[in-house]
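Protein chains get the first letters and strands the later ones, always in sequence-line order, with residue 1 at the start of each.
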There are 2 protein chains.
Amino acid sequence: MARRNLDSYPRPGVTVDLAVLTVTDAGTDDAALRVLVQERTDPDGRVLPGRFLRERHTVVDTVQEVFEHKVGVSPSEVTPPRLLRLFDAPDRDDRTWAISVAHSVSMPEAELEGAKGDLVAVSSDGVLADRGPMLWDHEEIVSAAVESLRERYEFRYRNDSPPPDPDGFLPEPFTLHQLRKVHEAVIGEELHKDNFARRMKPQLTPVMRGGEVVKSAAHRGRPATLYRRVTSPDSQPVNTLG
Amino acid sequence: MARRNLDSYPRPGVTVDLAVLTVTDAGTDDAALRVLVQERTDPDGRVLPGRFLRERHTVVDTVQEVFEHKVGVSPSEVTPPRLLRLFDAPDRDDRTWAISVAHSVSMPEAELEGAKGDLVAVSSDGVLADRGPMLWDHEEIVSAAVESLRERYEFRYRNDSPPPDPDGFLPEPFTLHQLRKVHEAVIGEELHKDNFARRMKPQLTPVMRGGEVVKSAAHRGRPATLYRRVTSPDSQPVNTLG
DNA sequence: ACAATAGTGTCTATCAGACAATATGGC
DNA sequence: GCCATATTGTCTGATAGACACTATTGT
């Protein structure tokens with residue numbers, strides 16, 4: 001059998017669609033998990049930012065391009081994109097044969113300053129809080145992204161506590177109270193402050209200056225100790241799941 | 001800006017590469033985790049079975065085609081393929097721009113009767129036991145597949161015990177001893193029979209016949225009770241990770 | 001009776017969850 | 001002193017891990 005040229009076979013368009021996650025007001029009691037949603041026309045509706053994979057570009061390249069052309073920000077610091085799943089139904093795009101490689105990206109709120117689109121709150125059951133529908137399968141992508149994120153923030157069991165804010169939503173240094181509020185915003189449920197402190201402390205180091213422990217500026221009560229992560233924020237290789 | 005036809009942009013070839021996992025001698029004390037490896041020429045070396053995604057075919061379609069054309073068996077029962085990761089380095093295939101979507105598939109040994117290739121044992125640290133090199137990045141795929149599989153079989157913590165043989169390597173009905181040997185083969189370490197039994201029993205149901213519990217054929221000692229899974233083997237949706 | 005395997009009872013160290021007391025600041 | 005918040009001490013119920021004992025068969 002003669003070998004046909006590899007390039008002559010029909011090939012799918014490959015899109016990279018992003019669930020950009022952040023925690024707004026991460027330092028405060030109003031911390032909230034949100035996802036970046038954009039409006040588009042033809043067809044009209046709300047979508048996640050995304051883009052076709054261009055020649056010999058990687059997923060990481062394409063994520064950068066999405067930020068540059070669709071979101072309008074140049075992130076200096078991002079958690080590496082995480083592969084969520086593949087959408088490959090042959091008829092999911094009626095214009096052409098296209099498969100979607102859905103990823104999630106976590107960013108601190110400050111890096112999303114001026115981004116195009118809205119930061120929509122995520123409800124406790126993992127979907128958009130304002131219940132507005134999204135086009136195509138994009139709502140599924142949000143659910144998958146939130147589920148994956150929560151697994152990373154959830155309190156597991158005895159042997160391994162969760163890393164403190166593994167996706168780095170909260171800038172250092174921070175108090176245990178602030179850290180707890182971020183975790184609560186992500187997983188959507190309250191945590192006991194004492195148990196939380198006991199589990200996190202082994203993974204935190206107090207900020208020292210001049211041989212003294214640095215405390216937070218006191219508003220009302222006793223000032224809290226400021227901490228840094230002793231394990232740096234998650235640095236998972238690209239395209240793998242945890 | 002005029003919109004260029006979507007189909008006129010260059011597109012990558014998309015391959016589906018499979019880590020086919022099985023447990024040989026699943027009913028016995030010699031149970032062993034193995035992966036299907038094939039020989040190829042030009043370039044010469046050992047590879048995992050794989051294939052280009054053809055027009056408007058899905059990943060699931062392509063997995064079927066790999067079994068038909070590359071492996072030479074028609075599986076009647078398979079655990080759905082699991083997405084492991086994406087290989088997208090622009091120069092990973094020097095013939096053309098191609099990205100690889102690596103999946104793992106779990107099958108009972110019986111379904112691999114007459115398959116082309118060798119079932120190579122996996123060592124306890126998750127790589128091939130015979131240490132022969134594989135072409136390209138295929139060794140990484142094996143590691144990722146084994147790691148993902150072990151997560152599913154590993155004993156987690158208090159609230160959720162692992163499902164009994166979630167990928168269905170062991171045909172029903174089985175004894176607790178047989179089930180334990182399969183789990184030990186997968187995770188590569190020994191388990192206490194008493195603790196194992198306690199954790200598994202809530203997820204198992206004894207086989208009844210005529211109001212009586214059916215026992216295994218006794219060779220030497222006391223006959224063991226035969227069980228079935230009360231939760232059917234894992235039915236995860238395609239392309240998602242666990 | 002004995003060997004061999006299946007199955008159960010129970011002890012212990014650990015720890016998550018819960019509650020409460022104490023420490024340290026502003027006012 | 002009083003209030004608010006941070007931090008630490010301690011009790012308790014659950015259970016994984018470990019060990020040892022009992023049960024049921026073939027020989």
Side-chain angles (χ1 to χ4, degrees), chain A residues 27-31 153-164 170 173-184 187-209 212-228, chain B residues 27-31 153-164 170 173-184 187-209 212-228:
Chain A
T28 77
D29 288 4
D30 298 326
Y153 276 73
E154 237 154 35
F155 270 58
R156 306 196 185 292
Y157 314 94
R158 51 187 330 84
N159 291 329
D160 56 346
S161 304
L170 184 62
F174 46 75
T175 67
L176 279 169
H177 182 85
Q178 293 176 315
L179 181 62
R180 181 165 52 91
K181 287 301 170 187
V182 169
H183 276 255
E184 288 176 347
I187 68 177
E189 57 190 52
E190 308 231 317
L191 297 168
H192 283 247
K193 67 172 180 179
D194 44 8
N195 299 326
F196 184 84
R198 253 188 320 199
R199 297 246 237 142
M200 282 303 177
K201 270 195 183 161
Q203 305 180 71
L204 297 173
T205 173
V207 178
M208 306 292 280
R209 187 151 41 209
E212 280 300 304
V213 171
V214 179
K215 305 281 183 151
S216 69
H219 334 215
R220 204 51 96 88
R222 172 177 173 178
T225 308
L226 289 171
Y227 293 94
R228 292 184 197 284
Chain B
T28 77
D29 289 4
D30 298 326
Y153 276 73
E154 237 154 35
F155 270 57
R156 304 194 188 293
Y157 313 93
R158 55 186 323 88
N159 292 328
D160 55 346
S161 304
L170 183 62
F174 45 76
T175 68
L176 278 169
H177 182 85
Q178 293 176 315
L179 181 63
R180 182 164 52 91
K181 288 301 170 187
V182 169
H183 277 255
E184 288 175 347
I187 68 177
E189 57 192 50
E190 308 231 315
L191 296 168
H192 284 247
K193 69 168 180 179
D194 43 9
N195 299 326
F196 184 84
R198 252 189 321 195
R199 298 248 236 140
M200 282 303 178
K201 269 195 183 160
Q203 305 180 71
L204 297 173
T205 172
V207 178
M208 308 292 281
R209 187 151 42 210
E212 279 299 303
V213 172
V214 178
K215 304 279 185 155
S216 69
H219 334 216
R220 201 52 93 89
R222 171 175 171 179
T225 307
L226 289 171
Y227 293 92
R228 294 184 195 284

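One interatomic measurement links the two molecules: CZ of B:F196 to P of C:dA6, which rounds to 13 Å at whole-angstrom precision. The separation between B:L204 atom CG and C:dA6 atom P is 15 Å, rounded to whole Å. Straight-line distance from the CE atom of B:M200 to the P atom of D:dA16: 12 Å, rounded to whole Å. A straight line from CG of B:L179 to P of C:dA6 spans 13 Å, rounded to a whole angstrom. Atom CZ of B:R199 is separated from atom C1' of D:dA18 by 14 Å (rounded to the nearest Å). The interatomic distance linking A:D29 (CG) with D:dA4 (P) rounds to 15 Å, in whole Å. As rounded to whole Å, 20 Å separates atom P of D:dA16 from atom CD of B:E190. Between the NE2 atom of B:H177 and the C1' atom of C:dA6 there is a distance of 10 Å, rounded to whole Å.
Among the protein residues, A:K215 comes within range of no part of the nucleic acid, since none of its heavy atoms lies under 4.0 Å from any strand. As judged by a 4.0 angstrom heavy-atom cut-off over every strand, B:A197 is placed among residues making no nucleic acid contact.
Partner of B:N195 under the side-chain hydrogen bond (donor to acceptor under 3.5 Å, both in side chains) criterion, out of B:R198, B:K193, B:R199: B:R198 alone. Evaluated for a side-chain hydrogen bond (donor to acceptor under 3.5 Å, both in side chains) with A:R180, the options A:H183, A:Q178, A:E184 yield exactly one hit, A:E184.
At a cut-off of 3.5 angstrom, counting only N and O atoms as typed in the model, there is no donor on one side facing an acceptor on the other between the side-chain of A:R222 and the base of D:dA4.
In this structure, B:T225 reaches the C:dG7 phosphate: one of its side-chain N or O atoms is under 4.0 Å from OP1 or OP2. Note on A:H192: a side-chain N or O is less than 4.0 Å away from OP1 or OP2 of C:dA18. Taking 4.0 angstrom as the limit, B:R198 places none of its side-chain polar atoms (N or O) nearer than this to OP1 or OP2 of C:dT8.
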**OP:** Decide side-chain contact (heavy atoms from CB on, under 4.5 Å) for A:L170 and A:K181; before the verdict, give the C-alpha distance in whole Å, the side-chain angles of both, and the deciding distance to 0.1 Å.
**Re:** CA-CA 10 Å; A:L170 184 62; A:K181 287 301 170 187; over 6 Å; no
